[in-house]
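Some notes on the structure that comes next.
Residue numbers begin at 1 in each chain, while the letters A, B, ... track the order of the sequences. Hydrogens, waters and symmetry mates are skipped; everything else that's a heavy atom, side chains included, is used. Since the structure is predicted, the reported quantities are computational estimates derived from the model, not experimental observations.
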There are 2 protein chains.
Amino acid sequence: MDDSLRKRAVGNMSLAAAQERLMLSFRFSPETERIPVPKARDRVTAEPVYARQSMPSFPASAMDGIAVRAERTRTACPDRPLRLTEGVDYHPVNTGDPLPKGTDAVIMIERVRRIDERTVEIREPAVPWKHVRSVGEDVVRGEMILPAHHHIRPVDLGVLLAGGVTEVPVVAKPRVAILPTGSELVPPGKALERGEIIEFNGTVFSSYLEEWGADPDYRGIVGDDPELLRRAILDAVETCDWVVVNAGSSVGSEDYTRDVVQDLGEVILHGVATSPGSPVLLGKVRNKPVIGLPGYPVAAYLALEWFVRPLIDYWFGVKASPRPRLQVRLEEDVKSKEGREHFVRVSIGRIGGRYVARPLPRGAGSTMSLARADGLLRIPSRHGPIKAGEEMEAELLRPKEQIDRTLWVAGGHDPALDLLVNLLREDRSPFSLSVAGIGSIRGLRSLGRGGCHMAAIHLGDEGDGGEHRRWVRRFIPDKEVFLLRLAVRPFGWLVAKGNPTGFSGPEDLSGSGVRLVNRQEGSGTRLFLDRLLQEKGIDPSTVDGYEREVSSPWRVAAAVEDGSADVGMGTLAVARRFGLEFLPLRKEPFDLVIPLEVAESEAGKMLMDTVRSDAFRAAAASLERGDFVGPANGRAYNTDRFRKGRSGKRS
Amino acid sequence: MDDSLRKRAVGNMSLAAAQERLMLSFRFSPETERIPVPKARDRVTAEPVYARQSMPSFPASAMDGIAVRAERTRTACPDRPLRLTEGVDYHPVNTGDPLPKGTDAVIMIERVRRIDERTVEIREPAVPWKHVRSVGEDVVRGEMILPAHHHIRPVDLGVLLAGGVTEVPVVAKPRVAILPTGSELVPPGKALERGEIIEFNGTVFSSYLEEWGADPDYRGIVGDDPELLRRAILDAVETCDWVVVNAGSSVGSEDYTRDVVQDLGEVILHGVATSPGSPVLLGKVRNKPVIGLPGYPVAAYLALEWFVRPLIDYWFGVKASPRPRLQVRLEEDVKSKEGREHFVRVSIGRIGGRYVARPLPRGAGSTMSLARADGLLRIPSRHGPIKAGEEMEAELLRPKEQIDRTLWVAGGHDPALDLLVNLLREDRSPFSLSVAGIGSIRGLRSLGRGGCHMAAIHLGDEGDGGEHRRWVRRFIPDKEVFLLRLAVRPFGWLVAKGNPTGFSGPEDLSGSGVRLVNRQEGSGTRLFLDRLLQEKGIDPSTVDGYEREVSSPWRVAAAVEDGSADVGMGTLAVARRFGLEFLPLRKEPFDLVIPLEVAESEAGKMLMDTVRSDAFRAAAASLERGDFVGPANGRAYNTDRFRKGRSGKRS
């Protein structure tokens with residue numbers, strides 16, 4: 001085995017043990033900064049803060065009215081009103097005015113009758129100290145305003161200033177060096193050569209660190225060279241409190257972080273028993289934490305939160321609140337291996353009063369899946385795989401209140417769905433739409449078992465709704481549903497510009513060297529291809545690329561564009577967006593399947609109104625450059641409702 | 001009635017109707033800014049953002065291993081291993097490397113056996129496209145990365161950059177002018193003259209506006225002069241999108257906001273049916289919102305949230321999530337008048353598995369109460385008063401997870417409690433301590449009915465614990481409790497320096513012109529005074545100031561310092577902090593009353609350990625400058641446990 005192929009073992013410590021070991025390896029003594037109060041939001045107090053003066057600093061009127069000496073008003077009663085003279089017996093006061101010397105009570109203006117310019121009359125005695133704010137009623141000198149290690153909010157600035165405090169002692173932020181490593185990395189904005197990757201983890205790290213209260217120091221890309229990395233780490237520990245290296249903490253031939261840290265200081269641990277996120281390196285150089293994080297984005301961000309966030313909280317002496325949790329029912333099986341804690345991104349919907357979670361693509365690199373996730377399942381290392389229907393607790397990444405107001409569409413995809421998502425947002429609708437592109441058949445199946453609010457399907461309908469109705473009846477036999485047409489799309493073959501392989505039809509897929517890129521099972525596109533091959537009597541095992549499945553029409557187009565495939569299936573819109581050639585096959589209706597109870601809900605009505613709006617039709621027409629034809633058969637079709645057991649006829 | 005006393009009616013519209021009227025009065029067309037992605041955290045997208053390039057932009061190895069053409073490996077099996085030659089049959093690849101031309105699969109390094117420098121052996125065929133990341137597997141060109149009106153988080157920066165987007169279109173922030181008005185206001189940091197008030201609402205407004213995403217423009221204090229206000233508003237609408245005026249929106253003689261807005265534009269509404277927060281003015285000048293908020297801090301911040309926050313969300317086209325809610329049991333009665341929605345700040349504790357809410361001081365000016373609040377009760381306008389024991393929903397101002405980890409002490413107050421609060425934080429304890437200074441007897445009563453975790457009492461114990469045990473038995477007859485001594489404090493009369501009235505004892509309180517400042521009923525101090533008066537045969541109604549109750553020892557000292565009272569009762573520590581003269585009466589033990597189940601909980605053990613720590617004793621001794629003597633009778637007393645029905649003897 002040569003060096004480039006040798007595998008060094010990565011440790012397998014549990015996440016909790018690794019976190020504890022990290023915390024026990026360091027003691028921080030952050031400095032205290034004294035900063036002006038107006039700049040103190042989101043900082044953390046370094047010591048308790050006591051009021052230096054009282055607010056109010058004088059006894060003050062709490063009402064608009066007159067200030068009096070209460071004992072001089074004792075005789076006033078309805079039968080014998082008492083007359084008072086301004087400047088002698090009373091002084092007019094507004095709310096907040098200091099109580100004039102010699103007075104100890106305020107009578108509300110509503111209880112005072114004017115007699116003349118300088119005379120008023122009252123009909124009941126004043127109560128001593130009534131309607132008077134004592135000195136320090138709000139904040140009193142000597143009182144502790146804020147304890148140590150308190151996260152400062154806007155309202156705290158008010159109590160600080162009210163208490164005469166203009167500078168507040170806060171914990172200095174930890175300065176964290178961020179060192180992206182990898183010769184394949186290039187800065188954002190560069191036109192990519194083959195093999196180059198945009199360095200974006202560093203920007204995400206910086207942004208998280210700022211959000212968590214630290215001071216990130218992005219130090220630019222370091223090439224794959226142990227000497228460069230060594231120098232970068234040594235420079236960083238000079239001026240920073242901690243160093244984050246990304247990546248190079250795995251065991252590939254260009255993963256130098258471990259050796260460099262070992263050489264410069266000490267490796268605390270290497271590798272944790274998680275999936276994703278296992279190739280983590282925790283080290284110490286010049287007594288400062290050096291943390292190597294995985295290169296794959298999702299793994300990197302999870303590991304940043306596991307190891308760097310607790311360090312930040314420990315530095316500041318605050319306790320981060322754990323994320324809110326929610327009991328969810330799994331909509332699909334979740335694989336997990338014993339011996340590792342698994343972290344699974346899920347989308348969560350509130351469907352029929354229950355919270356349903358659908359696992360998102362699990363690749364460690366799938367940044368989109370993290371961006372789209374509503375929650376995170378944390379599967380303990382001794383837990384086996386999870387079956388669809390099981391209940392589990394999810395950590396929430398979006399507020400429950402937002403999840404409650406989201407309609408879930410699962411199934412096929414069309415740009416018209418994105419349009420709907422955006423139109424609802426433009427309209428300031430209280431409801432959002434989220435889309436799970438899992439293919440038409442899986443969408444229908446999910447709807448049938450209560451896994452989403454609506455399905456989006458394109459399953460070979462001829463335009464009359466008959467075929468779609470048959471599919472709906474098969475998967476949802478016992479529910480009343482609407483079909484709402486969003487688009488009728490030209491559908492066909494996508495090939496590279498100029499059609500270099502001269503592809504002309506399914507017959508060319510077998511034995512002619514043409515490479516297909518296929519869609520996943522359960523998608524309308526795959527179903528259509530399979531039927532076509534069957535009709536033509538073509539054995540799929542003879543089709544080059546038949547087993548190469550991608551999960552969206554864009555990924556088909558991307559594979560054809562990239563030249564790793566010669567042909568795939570998709571819509572005209574996708575072909576045009578990628579500058580591919582399009583060989584039409586048919587017009588394909590794209591429908592929403594909406595159960596009656598959803599259609600009649602507030603959210604459902606709003607959605608259907610939006611689909612029928614001029615704004616949607618106009619935008620959809622321009623969006624699709626010709627392949628969007630709008631609701632096919634007018635309103636009658638849109639609200640086509642059919643019931644269990646009926647034939648295919650319209651109701 | 002002269003002008004200075006005339007009362008103009010303020011409207012009484014419901015909060016919800018007022019909010020709706022405000023929203024219907026404006027349509028905003030915010031500009032779109034294109035900003036660099038790294039600066040986009042917490043901004044809001046102005047339009048949907050689509051991926052401009054795919055990530056990965058080339059088919060890439062998903063594993064460390066060798067890249068091969070799958071069909072050339074078909075014959076490999078355990079019985080007949082296949083040998084491959086580097087550069088001909090295979091290419092070594094690391095994770096993330098581009099797939100070499102002519103290859104379509106990767107074999108994991110673990111499945112490869114090295115034969116020599118350029119030869120390896122495999123025992124099973126490669127699966128086409130296995131361990132290969134397709135082009136666009138993470139982000140694919142054309143895909144919608146972020147919808148319109150999306151609040152951008154750190155992870156979103158990653159998907160934007162991955163998708164080749166370097167600038168993101170965001171909604172420009174609304175610029176909001178902040179005009180504090182009032183001739184009594186002075187900037188923070190100035191030494192206060194009588195009648196002057198520090199202007200701090202503007203700083204709090206600015207900070208909230210920043211937190212909510214707006215761009216505050218603090219424009220300095222405007223004196224009480226309609227012409228100045230007029231000019232300030234006209235200047236502000238020139239450069240800002242909205243104007244917030246604070247205060248002058250009530251009906252006092254110097255409340256000009258209404259007239260000025262009426263004159264410059266239009267008053268949309270004046271006054272809402274809330275308590276606090278009713279004197280709100282919503283207006284329009286040059287088609288821009290001008291919002292007058294109440295002067296009292298709590299009212300001002302609530303009204304800011306009611307009216308300005310929804311405008312900000314409307315401007316950005318986002319939906320703020322409502323605050324999380326929690327069912328709480330009221331620990332005390334809550335007064336509320338029908339016809340007004342009441343907003344009551346509460347502290348919330350999790351006690352015996354239930355959430356218990358205690359109303360905080362309700363003055364509109366009590367900034368501290370808002371800073372300390374855990375939640376907010378919103379009592380509908382048709383709801384009558386609320387009785388102790390009733391259940392209600394509270395909006396949470398602190399995360400539930402923090403509330404769950406907070407120990408509540410209710411009762412008397414001593415600086416030793418602040419010390420404990422801070423020591424627990426210094427120690428990075430997972431638990432916090434919160435203190436409700438409600439007086440010793442109310443504290444005991446609250447503990448008896450499960451309203452707090454512990455009571456803090458000073459009720460005339462002689463130092464042997466006998467008197468405190470009697471009180472505990474009276475209010476908590478059926479629970480096993482510990483008494484934990486925190487301090488023994490010199491207690492006595494507080495008088496101004498030099499004792500100008502020559503006060504010498506309780507006999508001087510009656511008829512001699514000496515003015516008392518009293519403590520509230522249920523406090524240990526009040527109880528002691530009442531006993532003293534009874535012993536001396538003094539009728540409280542003859543004591544000047546007997547009815548003037550304040551709710552903390554500092555407020556007693558502040559009243560004596562201010563000269564509005566001549567004498568009050570308190571500890572030596574308070575006298576010293578305020579530079580007052582101290583006439584000693586006795587030594588007063590200050591004890592924590594801790595039920596067994598609390599003492600034995602994780603949080604309780606930690607608290608008791610902290611009290612017994614050297615750090616606490618040392619800090620307490622220095623803090624109190626001589627009046628803290630530490631646990632009185634050593635460990636035996638500290639853990640003094642007694643049971644229902646036992647006599648006062650030690651157990």
Side-chain angles (χ1 to χ4, degrees), chain A residues 1 4-5 38 41 48 54 57-59 64 92 94 98 109 114 129 134-136 138 140 142-144 147-149 154-159 161-162 166 188-189 192 194-195 200 203-204 207-208 252 321-322 365-367 370-371 399 401-402 418 421-422 425 548 550 554-555 558 562 564 577, chain B residues 1 4-5 38 41 48 54 57-59 64 92 94 98 109 114 129 134-136 138 140 142-144 147-149 154-159 161-162 166 188-189 192 194-195 200 203-204 207-208 252 297 321-322 365-367 370-371 399 401 418 421-422 425 548 550 554-555 558 562 564 577:
Chain A
M1 210 69 171
S4 74
L5 295 181
R41 178 170 67 90
S54 296
S57 59
F58 48 84
D64 295 340
N94 279 323
I109 191 65
R114 174 157 300 282
W129 302 103
S134 288
V135 172
D138 192 350
V140 67
E143 183 177 23
M144 185 170 72
H149 306 292
V155 66
D156 298 322
L157 306 186
V159 285
L161 293 177
T166 52
L192 295 184
R194 186 172 170 94
F200 58 86
T203 301
V204 178
S207 186
Y208 274 120
S321 292
S366 186
T367 323
L370 190 59
E401 292 73 18
Q402 273 181 32
D418 291 343
V421 167
N422 287 307
R425 285 166 171 264
R548 182 181 183 188
V550 297
W554 295 290
R555 291 193 179 93
D562 170 74
S564 66
R577 197 172 284 171
Chain B
M1 213 66 172
S4 73
L5 295 182
R41 178 171 68 91
S54 295
S57 59
F58 48 86
D64 295 341
N94 279 323
I109 191 64
R114 173 156 302 281
W129 302 104
S134 289
V135 172
D138 192 351
V140 67
E143 183 178 23
M144 184 170 72
H149 306 292
V155 66
D156 298 321
L157 307 186
V159 285
L161 294 177
T166 53
L192 295 183
R194 186 172 171 94
F200 57 87
T203 301
V204 178
S207 186
Y208 273 120
S321 292
S366 188
T367 323
L370 190 59
E401 292 72 19
D418 290 344
V421 167
N422 288 307
R425 286 167 171 262
R548 182 182 183 187
V550 297
W554 295 290
R555 291 192 179 93
D562 170 72
S564 67
R577 196 172 283 170

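Contact of A/Val135 with chain B is made through backbone and side chain together, with heavy-atom distances under 4.5 Å. Looking at A/Val421, the atoms closer than 4.5 Å to chain B (heavy atoms on both sides) all sit in the side chain, from C-beta outward. With a threshold of 4.5 angstrom between heavy atoms, B/Val159 approaches chain A through its backbone and through its side chain. Heavy-atom distances place the side chain of A/Thr166, and not its backbone, under 4.5 Å from chain B. In this structure, chain B has heavy atoms under 4.5 Å from both the backbone and the side chain of A/Leu157.
In this structure, the separation between CD on A/Glu143 and CZ on B/Arg577 is 10.0 Å, given to the nearest 0.5 Å.
Per-residue heavy-atom pair counts under 4.5 Å with chain B were compared for A/Glu401, A/Gln402, A/His149, A/Arg194, and the maximum is reached by A/His149. In terms of heavy-atom pairs under 4.5 angstrom with chain B, the leader among A/Ser207, A/Ser57, A/Pro154, A/Pro59 is A/Pro154. Most heavy-atom pairs under 4.5 Å with chain B: of the set A/Pro399, A/Pro38, A/Gly142, this distinction falls to A/Gly142.
Counting all heavy atoms, side chain and backbone alike, A/Val550 lies closest to B/Ser134 at CG1-OG, 3.8 Å. Minimum interatomic distance between B/Gly136 and A/Arg555 (heavy atoms only, all atoms of both residues): O-NE, 2.7 Å. Contact record, A/Gly158 with B/Thr367: C-CG2, 4.4 Å, taken as the closest heavy-atom pair. Between A/Leu161 and B/Pro188, the shortest heavy-atom contact is CD2-CB, 3.7 Å. Across every non-hydrogen atom of B/Pro98 and A/Gly195, the tightest pair is CG-CA, 3.4 Å.
Legend: residues meeting side chain to side chain contact (heavy atoms under 4.5 Å, CB included) with A/Pro48, ordered by chain and number and at least two apart, are A/Tyr50, A/Met144, A/Ala148, B/Asn422. B/Arg41 is linked by a salt bridge (Lys or Arg N to Asp or Glu O under 4.0 Å) to A/Glu210, A/Glu211, counting only residues two or more places apart in sequence or in another chain.
Within the 3.5 Å criterion, the main-chain N or O of B/Trp129 finds no donor-acceptor partner in the side chain of A/Arg548. Counting only distance, with no hydrogens or angles, the side chain of A/Asp562 and the backbone of B/Phe58 share no donor-acceptor pair below 3.5 Å.
Here the side chains of B/Tyr208 and A/Val155 are in contact, with some heavy-atom distance below 4.5 Å.
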